[in-house]
Amino acid sequence: VLCWFYIFPVYRLPRDKDIVEEVLRQGDAWQKNQTGIDLYRKLLTDCCDPRRMFAVTKENSPMGKVLWYDGEFYHSRTVTNDTYPLFVQDNPLQLPLKRCAVVGNSGILRHSQCGHDIDQADFIMRCNLPPLSKEYVEDVGTRSHLVTANPSIIEKRFQNLLWSRKAFVDSMKAYGSSYIYMPAFSMKPGTEPSLRAYYALADASSNLTMLFANPDFLATVGKFWKARGVHARRLSTGLFLVSLALGLCEEVTAYGFWPFSVGLDERPVSHHYYDNILPYKWFHAMPEEFVQLWHLHKSGTLRMRLGHCP
Ligand code: CTP
């Protein structure tokens, strides 16, 4: 035991129970802190330039540009005429965005009644093509403006789009005319499914616009949080989106970020609001990410909603 203590002596994450107590102590008290908001926007602009860099665009990734995969060492893809025409011209978002809601997928959203609150935001970001079916509407809302899609979902849920593309195109209708934000250049095996998803939507004249996450942006955001104590192979999608929102929005509210198995009422909480499939343990460090988000909440830089919405 002593030996382990000497190897990992400095940092211990609080236990789930301690976090519950801390959140309950804080209660609903929250005060917006414009200085904190401005500071984080500046820090994120200086490190990562989200306005210009969050997506791969014709402007930041011209023909011949080498895109380095952020999730793999020494893999790259040069922009040629097989990918360049698929990129949007420039950042398509109308900036600045005003009140943004970033919705994680935690089971804490179940029975939260936060759907109305979420739907009131000016710009709503969601993770990993989450279900928005009737049974969840009261808790998570219906509207969305930017929805991420990991290539692994295309593989698992839609047979890599090698067979029918109709089920995919139909299920995407739930996201209205959102931007679909895919990390196409993070891991090599993710590129082809992402390009296929682009063509499936384009061929169906879908209202959705595909945006490919810029691997340089993802890498710089990863470094930003690493320097602040988030040690994981990769940041979670939710933290990437919160970082994007802090860079682009005047106000950020985060819902559905609670990677713990007990809730504020000390009852069990499922991992997702729609199932209880646990993530691969060593890939993300969601509890560490939560601690960072909680600091930002306490400092008034963003607001986290963890309980019932009024
Ligand atoms: N999340 C959370 N607590 C949970 C579940 C999810 O805080 N119990 C947040 C995380 O930031 C996560 C996001 O919500 O990235 C979306 O959840 P999910 O779809 O489960 O993400 P993962 O599948 O784990 O994958 P990834 O983050 O790699 O996209």
Side-chain angles (χ1 to χ4, degrees), residues 13 16 19-20 23 69-72 100-112 114 118 124-132 136 139-141 144 146-157 171 174-175 180-184 186-187 189-190 193-194 197 212-213 215 218-219 221-222 225 230-246 252-264 267-297 302-307:
L13 259 179
D16 292 13
I19 290 180
V20 168
V23 170
Y69 285 75
D70 62 292
E72 289 189 77
C100 294
V102 185
V103 188
N105 287 336
S106 165
I108 205 169
L109 278 167
R110 203 82 178 104
H111 309 300
S112 68
C114 285
I118 293 171
I124 302 166
M125 306 188 189
R126 301 185 191 265
C127 304
N128 295 329
L129 305 180
L132 299 178
Y136 305 121
D139 297 330
V140 303
S144 39
L146 185 143
V147 183
T148 69
N150 277 342
S152 62
I153 305 178
I154 304 296
E155 188 190 324
K156 288 192 200 120
R157 237 189 268 169
S171 79
Y175 310 111
I180 302 299
Y181 187 59
M182 287 197 78
S186 286
M187 312 280 240
S194 305
F212 298 122
L218 300 181
V221 172
W225 287 110
V230 177
H231 297 103
R233 259 201 69 196
R234 191 171 171 77
L235 293 188
S236 76
T237 299
L239 189 56
F240 279 123
L241 287 189
V242 169
S243 312
L244 180 63
L246 287 169
V252 179
T253 308
Y255 302 82
F257 286 82
W258 186 258
F260 309 111
S261 54
V262 284
L264 297 177
R267 299 221 318 239
V269 170
S270 58
H271 184 62
H272 294 133
Y273 67 82
Y274 46 85
D275 69 26
N276 196 21
I277 298 174
L278 297 175
Y280 177 57
K281 211 170 170 185
W282 304 109
F283 200 60
H284 294 313
M286 288 189 202
E288 290 180 28
E289 295 184 359
F290 178 88
V291 171
Q292 297 296 326
L293 295 176
W294 184 244
H295 283 312
L296 293 176
H297 172 87
L302 58 71
R303 182 168 196 181
M304 291 191 89
R305 301 238 59 150
L306 295 170

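Atoms within a ligand are numbered from 1 in the order they appear, just like the ligands themselves.
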Tell me whether Thr148 contacts the main-chain N or O of Asn128 through its side chain, where contact means a donor paired with an acceptor under 3.5 Å. yes

Excluding sequence neighbours, so at least two apart, what forms salt bridge (charged side-chain N to carboxylate O under 4.0 Å, His left out) with Arg110? Asp139

Counting only heavy atoms closer than 4.0 Å, does ligand 1 sit against the backbone of Ser236, its side chain, both, or neither? both

Which heavy-atom pair separates Ala101 from Tyr255 by the least distance, and what is that distance? CB-CE1, 3.8 Å

Which part of Phe290 is near ligand 1, with near meaning a heavy atom under 4.0 Å away: side chain, backbone, both or neither? neither

Would you check if Leu109 and Tyr274 make a side-chain contact, meaning some heavy-atom pair closer than 4.5 Å? no

Of His271, Met304, His272, Glu289, the residue with the heavy atom nearest atom 8 (N) of ligand 1 is His271

Just to be sure I read this right, does ligand 1 sit under 4.0 Å from the backbone of Arg234, its side chain, both, or neither, counting only heavy atoms? neither

Can you tell which of Ser261, Ala232, Cys127 gets a heavy atom nearest to atom 13 (C) of ligand 1? Cys127

The answer for which part of Val269 has a heavy atom under 4.0 Å from ligand 1 is neither

Among Asn128, Leu235, Asn276, closest by any non-hydrogen atom to atom 18 (P) of ligand 1: Asn128

Ser270 versus ligand 1: do any nitrogen or oxygen atoms come within less than 3.5 Å of each other? no

